[in-house]
Amino acid sequence: MTLPSPATPEAGSAPTGTAGAPPAGTGAAPAVGRSPSQLMWRRFRRDRTGVASACIVAFFFLVALLAPVISWLYGKDPYTTYGQNTPGLLNDYGYPIAPNGGVSGDFWFGLEPGLGRDVFTQLVYGIRTSLSIAIVVTIITTLIGVVMGIWAGYVGGKTDYVIGRIIDTLLAFPSQLFLIVFLPVVEAAFVSPEQETPVWLRYVSICVVLTVLGWATISRLLRSQVLSLREREFIEAARVTGASPARIIFKELLPNLWTPIIIQSTLALPLYVGAEAGLGFLGVGMTEPTPDWGRMFLVGSNVYHQDITYLVFPGVSMVIFVVAFNLLGDSLRDAFDPKTRR
């Protein structure tokens, strides 16, 4: 009885390599897994709304950053009263003589009623003012909120109780009313009633008050996240191995909190832009002659019967910026956590 001979490959068939590996010499690379950041970026790139919103937001930031350059190229600034200095631009009542608020080749967005300042440069520098305040407040509130939220959630006990009551108290304040009342109090502590409030002091006062009222929201969110994470198996394993609390917080907890931190910060920034503009509209925001969106709304609300054009430009700009930033925040949330996609 003869044993069967070993099977031989058929003519023209490719030789096989080791199991699960591509044939030698084919040049095929083994599959490589993607990191979470790569997956997030891939999901975000597929979201056309998110990409378009990011481009619009980047445009606003670029305009704010290059405001002096834009003003130099344009040949005008937001402080000169062109309508009062040049005859024939404003009528006897202070309104632009040219139609559509004085829009022309010399003044692209027209002239401000009354003082006759250039609207285009006011809008550009107003973006710079609002965004700078919003960015400063967002960074500070995020840092304070992260520290307080993680501290309260991880330590627990009396520390959690005290921080929790502070958060509840701050969230109970009517923020706009508190801002209107508290800003003059802050400034009165440094400037006598006979003196004019310096621009830098008003800037710092707005940032301080917005920060005091703003950090509680992100802190409460992170506290709840930490309370759920600290009982997980990987945290218990880190404790068993003798890891210090600082290592557990920075190496185990914080990497799992980047998603809510980034999303909350992205959604908070346009809120601070709107809050700063609201303060300017109510007369407690940035003082003259600093360009400010809120004060443009205030002037526009008084002259819209005779010059609706002046109110259109800051209004449309504010709507576009806030909507784009909110859509960007929603897209980032979906990219970080696709389960939340509606």
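Along the sequence shown, the residues carry numbers beginning at 1.
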For [X], check ring pair (Phe, Tyr, Trp, His ring centres under 6.0 Å) against everything at least two apart and list the hits.
X: Phe60; answer: Phe321
X: Trp258; answer: none
X: Phe107; answer: Tyr82

Tell me, please, which residues at least two apart from [X] pass side-chain contact (heavy atoms from CB on, under 4.5 Å).
X: Val212; value: Leu170, Val208
X: Pro68; value: Tyr125, Arg128
X: Val57; value: Phe61, Ala324, Phe325, Leu328
X: Arg48; value: none

If a pair satisfies side-chain hydrogen bond (donor to acceptor under 3.5 Å, both in side chains) and one of its residues is in residues 92-106, list it, with sequence neighbours excluded.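 Qualifying pairs, neighbours excluded: Tyr95-Gln306.
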Once side-chain hydrogen bond (donor to acceptor under 3.5 Å, both in side chains) is applied, what residue pairs with a partner in residues 50-74 remain, sequence neighbours excluded? Tyr74-Asp118
Among residues two or more places apart or on two chains, list those pairs meeting salt bridge (Lys or Arg N to Asp or Glu O under 4.0 Å) that have a residue in residues 267-288.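 Sorted pair list: Arg117-Glu288, Glu288-Arg295.
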Tell me which pairs pass salt bridge (Lys or Arg N to Asp or Glu O under 4.0 Å) where either residue lies in residues 238-267, with sequence neighbours left out. Glu236-Arg239
Please output the side-chain donor-acceptor pairs of residues 133-148 that fall under 3.5 Å, not counting sequence neighbours, one pair per line with the distance.
from	atom 1	to	atom 2	distance (Å)
Thr138	OG1	Ala134	O	2.6
Thr141	OG1	Val137	O	2.6
Thr141	OG1	Thr138	O	3.0
Thr142	OG1	Thr138	O	2.6
Thr142	OG1	Ser265	OG	3.0

Do Asp77 and Thr121 have side chains that approach each other closer than 4.5 Å (heavy atoms only, starting at C-beta)?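 No. Closest side-chain heavy atoms not under 4.5 Å.
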